[in-house]
A.B. asks: 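Let me begin by handing over the structure; questions about it come next.
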Amino acid sequence: MSNYKKTIGIEVHCELKTNNKIFSPALSNYGSMANTNVNVIDLGYPGTLPVLNMDVVKLALKACKVLNLNVSRKMHFDRKNYFYPDLPKGFQITQALTPIGTHGYIEVTKKDGTKKRIDILEMHIEEDTCKSVHGEKNSLLDFNRAGVPLIEIVTEPCMETSEEAVLYLTKLRELLLYAGVSDCKIEEGSMRCDTNVSISKTEEWGTKVETKNIGSISNVGVAIEYEAKRQEEILESGGKIIPETRRFDDKSLSTISMRVKEVGNDYRYFPEPDIPYLNIDDKFIDDNTNDLVRMPDERRESYKEAGINPINIEKIIANKDISDYLEKFLDINLVVASNLLLGDIASYLNKNDVTIDKTHLTDSKFRDLVNRLDKNEISNKIFKEILVDLMENDLSIDEILSNKGLNLVSDKEEIKKTVSEILDKYSDLVNQYKSGNERASKAIMGMIMKETRGSLSPALANEVMMELLNE
Amino acid sequence: MKCGDKMDKLTREEVEHVAHLARIGLSEDDITRYQVELKKMIDEIDKIKTMSDFDEEFMISPCKNEVPLDNGKVDNIETDNILKNVPKKKGNFVEVPVMVNE
Amino acid sequence: MSKYIDKSLNEIHEALVKGEIKPVDLVNECLDRINKNNLNAFITMNDKVIEEAKELEKMEVPKDDLFFGIPIAIKDNIMVNGMLCTCASKILSNFEAIYDAGVIDLVKEHHMLIIGKTNMDEFAMGSTSETSYYGTPINPWNKERVPGGSSGGSAVSVAGRLVPLALGSDTGGSIRQPSSFNGIVGMKPSYGRVSRYGLVAFASSLDQIGPMTRNVLENANLLNVICGKDDRDMTSVETNEDFTRLIGKPLKDFKVAIPNYFLSDFVDSEVRNKVLEIKEMLEKNNVKVDMVDINHIDMAVILYQIIAMGEASSNLARFDGIRYGYSYPDPENLEDLYLKTRQYGFGNEVKRRIMVGSYILSGENAKIYYSKAMQIRDDLQKSFKKIFSEYNLIIGPSAARCAYPLNSGKDDPLHCFMDDILVMHANMGGFPCISIPIGFNSEKLPIGLQILGNNFDEATIYQLASFIEKELNLDLEGGKVSE
């Protein structure tokens with residue numbers, strides 16, 4: 001066991017789910033063909049000016065709320081000046097002096113059951129750079145991503161293990177996802193994690209090394225372990241750690257040096273004169289955060305109380321669509337409901353590549369279904385038989401069952417009562433039978449099925465009818 | 001960074017440093033002339049160092065507007081040929097010499 | 001031969017309404033003068049202007065739109081869709097605007113006819129228009145003298161009576177100083193009065209577009225139509241007033257301040273005396289004129305330079321040869337593309353300012369220079385506002401001297417500091433400020449008076465300016481080109 005102590009800080013960039021870019025009205029959707037969601041502002045044309053999209057601020061406020069950050073009431077934006085082809089204006093508009101959120105935290109639970117509070121230093125709003133792809137001699141630029149809104153969340157250097165870092169990121173991702181702030185897809189780059197790792201044998205921090213481009217949360221853990229080990233080997237062999245930026249290589253699961261940091265990055269920050277002060281008050285904050293849905297931990301608690309097993313709880317939480325759907329049905333049997341949603345309904349949806357709201361399974365139908373299954377009014381077998389109809393037909397469960405001849409009364413006493421009433425009604429047919437016309441029993445049976453719209457179990461109904469006829 | 005203390009011109013390195021910050025290439029003649037010219041300008045703006053007795057309050061611009069809390073109309077700014085002025089293109093992309101630092 | 005274009009805007013408008021002339025006649029008069037007299041006022045001519053003028057013939061001349069069919073010149077740092085917008089720089093020498101500036105939307109809405117884009121100091125950095133990549137425009141009052149700058153081409157085009165109207169931009173006197181050198185009326189409106197959308201930024205917290213005209217009334221009228229809130233400029237403001245409304249109204253209980261600093265020894269004595277004559281004239285008309293001291297007024301130019309260069313270094317970072325403009329043709333690598341594009345694309349004045357601006361914002365310097373300057377700027381604005389709480393307006397010379405000989409300060413990096421020294425206070429405080437001609441020096445060169453008002457109080461400025469104009473009744477046709 002190493003006697004070096006790790007100190008880890010994490011910076012996360014998340015793209016916000018707004019329709020438009022942060023400072024231009026172009027669509028914030030960079031899946032399109034290169035340089036199509038681009039206007040003169042995004043391209044940094046001379047004469048253009050930024051216009052702040054308030055939807056960005058509103059989403060950032062939601063993020064502040066779930067990350068327990070203090071919200072700045074008076075803000076301005078700052079220019080971070082540096083030259084790089086992905087930065088169209090030669091500066092990035094960010095919040096250096098007045099980040100929207102400061103001093104927050106989230107709490108994680110470690111494998112050993114202990115809780116750890118991860119302190120967040122600050123969260124600020126900024127614009128994304130453009131996307132570049134690199135050939136051997138040239139790079140190609142696509143400005144669709146330029147100006148997509150980002151939040152950057154910076155922790156204190158307060159984590160000591162890769163486990164804590166992974167737990168922090170998992171929790172952070174979950175919160176931002178549930179707050180509807182970002183879709184947090186690391187693979188697609190809408191969430192990006194950079195780590196700062198240093199090691200030391202003493203209380204004094206060592207030299208920190210930044211690692212960028214880590215493609216998954218679990219790889220953040222791998223990268224931290226690799227980096228700590230690399231640094232330890234250097235120190236043990238008498239070397240010195242160079243402050244630098246490295247990138248994670250997911251093929252070799254190692255970090256590779258990108259650039260040695262210039263002595264004190266000189267970003268020449270100054271306040272952005274083109275955007276006036278942004279003043280917000282408590283009412284504005286409340287108005288834009290009171291529609292937040294329940295966060296995952298609260299939901300986990302409900303699921304646990306309802307008796308859902310831990311594996312399924314995590315499966316539900318991992319699928320926000322399912323969890324959000326369940327929020328409407330907290331008063332019914334959640335075990336049954338969640339089994340359906342994780343099981344047969346999920347398979348159906350996957351197989352047909354649809355979402356539940358695009359099917360005919362309305363909320364009331366789902367509620368009815370769960371209640372019937374819960375009360376054993378419908379067997380699991382019958383449920384499987386009617387699943388497709390439930391999803392694809394605009395019919396009630398009763399209608400589906402009767403159409404399929406599945407909604408069958410099987411209580412013999414009840415059948416007897418119904419059948420005798422029908423026999424009374426068609427006494428002439430009964431008399432025909434009794435006077436020897438055996439074929440009249442078929443006609444009588446037809447009447448029973450017609451009168452009950454096929455709601456009786458045919459076998460039982462026939463049996464009861466014969467009994468009554470032959471009495 | 002401080003430039004040109006107590007000298008009548010900037011050092012070569014000082015000129016090269018600010019030129020690098022500004023990404024401006026320099027010829028030998030440029031360096032010589034800027035050593036003198038930039039020094040004159042910096043001496044002039046250094047007079048601010050003699051100023052004291054001022055309020056902490058900070059101005060970002062004379063604009064007294066505040067950001068309106070709701071978005072006004074969001075009209076996309078359509079332009080016919082957004083890549084019209086691009087010096088080097090490849091297909092729909094803007095081309096530059098390879099970005100080595102990525 | 002008296003041309004229609006020399007008549008007052010009201011008279012031209014009447015002639016258009018009556019059908020005596022057509023917009024294309026006005027355009028032809030302008031083009032005729034421009035072609036016969038090379039003042040190098042324009043960088044790019046609008047080759048569609050005749051077509052556009054003829055297009056207007058299909059419309060009835062609206063009786064209430066004074067500007068319908070009137071030719072106008074636009075400074076070449078304002079975007080006009082489809083026309084080159086060079087900022088008088090090599091780095092934008094091939095740059096075609098693909099959108100209209102906010103003011104151009106309004107110019108077009110009022111059916112003014114854009115004659116061309118006017119010459120200027122490169123990126124508006126200069127006070128003589130000598131830093132233009134396209135050569136210096138000629139001062140029509142005296143060809144040996146500078147036309148002033150940076151809106152030199154706009155000033156020259158109005159002074160030479162090539163066009164009746166022009167737009168300029170003013171970051172630290174760039175409308176008012178050339179207006180005074182050319183005997184015309186130039187207004188830098190309050191910060192926010194006119195949309196900056198589509199104005200190539202020099203120093204964002206100081207820049208403002210304004211009207212340059214032959215007289216005060218036409219100036220107020222032009223401001224009436226180019227001002228207003230633009231959703232694309234968050235610093236612009238709504239305007240619901242008529243800037244001509246106080247013109248001709250008596251100067252009742254009027255109080256005017258002259259800062260002692262504005263009549264310091266560095267101001268040419270002929271200029272000083274002319275301002276003192278105005279003081280006397282106003283006093284005779286029962287205007288109270290006091291000499292005052294204003295805190296920080298003497299050091300403001302240092303603060304101004306710090307702010308202007310700091311912001312410029314950032315605003316001009318976008319010119320890198322990647323998305324538009326001049327691009328060094330065979331760079332060895334990315335770094336080389338940046339360095340050579342900017343080395344060869346920018347002129348000396350611009351490069352010096354960008355470098356010093358980068359220095360100003362670099363590391364700890366940002367605090368020592370820029371932040372401190374913005375703090376004292378706030379105090380400076382307050383000390384001017386204190387004056388405005390007691391006085392209607394502040395007056396002083398628009399420039400310390402009349403148009404001076406060409407090439408006299410071209411290679412002096414501090415030259416501009418001197419030219420900005422009296423005029424940049426208005427930009428620092430966001431105040432409106434006009435320059436009007438008040439006479440001539442012994443060499444028959446125009447002298448300008450600047451009138452500075454409180455934020456958004458242009459109307460009072462126009463009231464006094466128009467009063468002085470009427471009292472003096474100067475012949476300002478001395479710059480008019482020969483037919």
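Here is how names work: the chains are called A, B, and so on, in the same order as the sequence lines, proteins then strands, and each is numbered from 1. Please read these numbers as outputs of a predicted model, since none were measured by experiment.
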A.B. asks: Quick one, Tyr369(C) and Lys49(B) - any side-chain contact, counting heavy atoms below 4.5 Å?
C.D. replies: yes
A.B. asks: Considering only heavy atoms, which portion of Ser236(C) lies under 4.5 Å from any heavy atom of chain B: side chain, backbone, both, or neither?
C.D. replies: backbone
A.B. asks: Checking Met309(C) against chain B: side chain, backbone, both or neither under 4.5 Å from a heavy atom?
C.D. replies: side chain
A.B. asks: Taking side chain as C-beta onward, heavy atoms only, is Glu37(B) less than 4.5 Å from Glu349(C)?
C.D. replies: no
A.B. asks: Quick one: what part of Tyr191(C) sits under 4.5 Å from any heavy atom of chain B, side chain, backbone, both or neither?
C.D. replies: side chain
A.B. asks: Please classify the contact of Asp336(C) with chain B as side chain, backbone, both or neither, using a heavy-atom distance under 4.5 Å.
C.D. replies: neither
A.B. asks: Under 4.5 Å heavy-atom distance to chain B, tell me which part of Ile322(C) shows up: side chain, backbone, both or neither.
C.D. replies: both
A.B. asks: Hey, does the side chain of Asp55(B) reach the backbone of Asp379(C) with a donor-acceptor pair shorter than 3.5 angstrom?
C.D. replies: no
A.B. asks: Tell me, out of Ser204(C), Gly345(C), Ser371(C), Gly357(C), who's got the most heavy-atom pairs with chain B below 4.5 Å.
C.D. replies: Ser371(C)
A.B. asks: What residue in Thr50(B), Leu38(B), Val94(B), Val36(B) has the most heavy-atom pairs under 4.5 Å with chain C?
C.D. replies: Leu38(B)
A.B. asks: Would you say Lys88(B) has more than 12 foreign heavy atoms packed within less than 6.0 Å of its NZ?
C.D. replies: no
A.B. asks: Mind running side chain to side chain contact (heavy atoms under 4.5 Å, CB included) on Ser27(B) and Gln343(C) for me, showing each step along the way?
C.D. replies: CA-CA 9 Å; Ser27(B) 66; Gln343(C) 176 179 1; 4.1 Å; yes
A.B. asks: Write down the atom of Pro97(B), the atom of Leu337(C), and the distance for their closest heavy-atom approach.
C.D. replies: CD-CD2, 3.8 Å
A.B. asks: Please determine whether the number of non-hydrogen atoms from other residues, nucleotides or ligands lying under 6.0 Å from atom NZ of Lys386(C) exceeds 12.
C.D. replies: no
A.B. asks: What part of Gln381(C) gets within 4.5 angstrom of chain B, counting heavy atoms only: side chain, backbone, both, or neither?
C.D. replies: side chain
A.B. asks: Treating Lys372(C) as the side-chain partner and Ile48(B) as the backbone partner, does any N or O pair qualify as donor plus acceptor under 3.5 Å?
C.D. replies: yes
A.B. asks: Does Lys229(C) reach the side chain of Asn65(B), with side-chain heavy atoms less than 4.5 Å apart?
C.D. replies: yes
A.B. asks: Between Leu83(B) and chain C, which part of the residue has a heavy atom less than 4.5 Å away: side chain, backbone, both or neither?
C.D. replies: neither
A.B. asks: Got a second to check how far Met355(C)'s CE is from Ile42(B)'s CD1, nearest 0.5 Å?
C.D. replies: 9.5 Å
A.B. asks: Need one label for Leu303(C): side chain, backbone, both or neither, based on atoms under 4.5 Å from any heavy atom in chain B.
C.D. replies: side chain
A.B. asks: Asn427(C) versus chain B, heavy atoms under 4.5 Å apart: side chain, backbone, both or neither?
C.D. replies: backbone
A.B. asks: Check each atom of Lys40(B) against the heavy atoms of chain C and say whether the ones under 4.5 Å are side chain, backbone, both or neither.
C.D. replies: both
A.B. asks: Can you say whether Tyr34(B) sits under 4.5 Å from chain C via the side chain, the backbone, both, or neither, judging by heavy atoms?
C.D. replies: side chain
A.B. asks: Looking at every heavy atom in both Met299(C) and Lys47(B), which two are closest together, and how far apart are they?
C.D. replies: CE-O, 3.4 Å
A.B. asks: Is it the case that more than 12 heavy atoms not belonging to Glu332(C) sit under 6.0 Å from its CD atom?
C.D. replies: no
A.B. asks: Which distance, rounded to the nearest 0.5 Å, do you find between the CD1 of Ile360(C) and the CG of Leu21(B)?
C.D. replies: 12.0 Å
A.B. asks: So which of Asn348(C), Leu316(C), Thr341(C) has the largest heavy-atom pair count under 4.5 angstrom toward chain B?
C.D. replies: Asn348(C)
A.B. asks: Taking all non-hydrogen atoms of both residues into account, name the closest pair between Pro62(B) and Arg377(C) and its distance.
C.D. replies: CG-NH2, 3.2 Å
A.B. asks: For the residue pair Ile98(C) and Asn85(B), establish whether any side-chain heavy-atom pair is separated by less than 4.5 Å.
C.D. replies: yes
A.B. asks: Using 0.5 Å steps for rounding, measure from the OG atom of Ser61(B) to the CD1 atom of Ile307(C).
C.D. replies: 11.0 Å
A.B. asks: Taking side chain as C-beta onward, heavy atoms only, is Ser358(C) less than 4.5 Å from Arg23(B)?
C.D. replies: no
A.B. asks: Is the backbone of Ala22(B) close enough, under 3.5 Å, to the side chain of Arg342(C) for a donor and an acceptor to pair up by distance?
C.D. replies: yes
A.B. asks: For Thr235(C), is it the side chain, the backbone, both, or neither that has a heavy atom closer than 4.5 Å to a heavy atom of chain B?
C.D. replies: both
A.B. asks: For the OG atom of Ser205(C) and the CE atom of Met59(B), what is their distance to the nearest 0.5 Å?
C.D. replies: 8.0 Å
A.B. asks: Looking at Glu95(B), Lys89(B), Glu56(B), which makes the most heavy-atom pairs under 4.5 Å with chain C?
C.D. replies: Glu56(B)
A.B. asks: Counting only heavy atoms not in Asp330(C) (residues, nucleotides, ligands), do more than 12 fall under 6.0 Å from its CG?
C.D. replies: no
A.B. asks: Would you mind telling me which of Val67(B), Val86(B), Ile45(B), Asp30(B) has the largest number of heavy-atom pairs within less than 4.5 Å of chain C?
C.D. replies: Ile45(B)
A.B. asks: Kindly indicate whether the side chain of Gln305(C), heavy atoms from C-beta on, has any atom under 4.5 Å from the side chain of Met41(B).
C.D. replies: no
A.B. asks: Counting only non-hydrogen atoms closer than 4.5 Å, does Leu380(C) touch chain B with its backbone (N, CA, C, O), its side chain (CB onward), both, or neither?
C.D. replies: neither
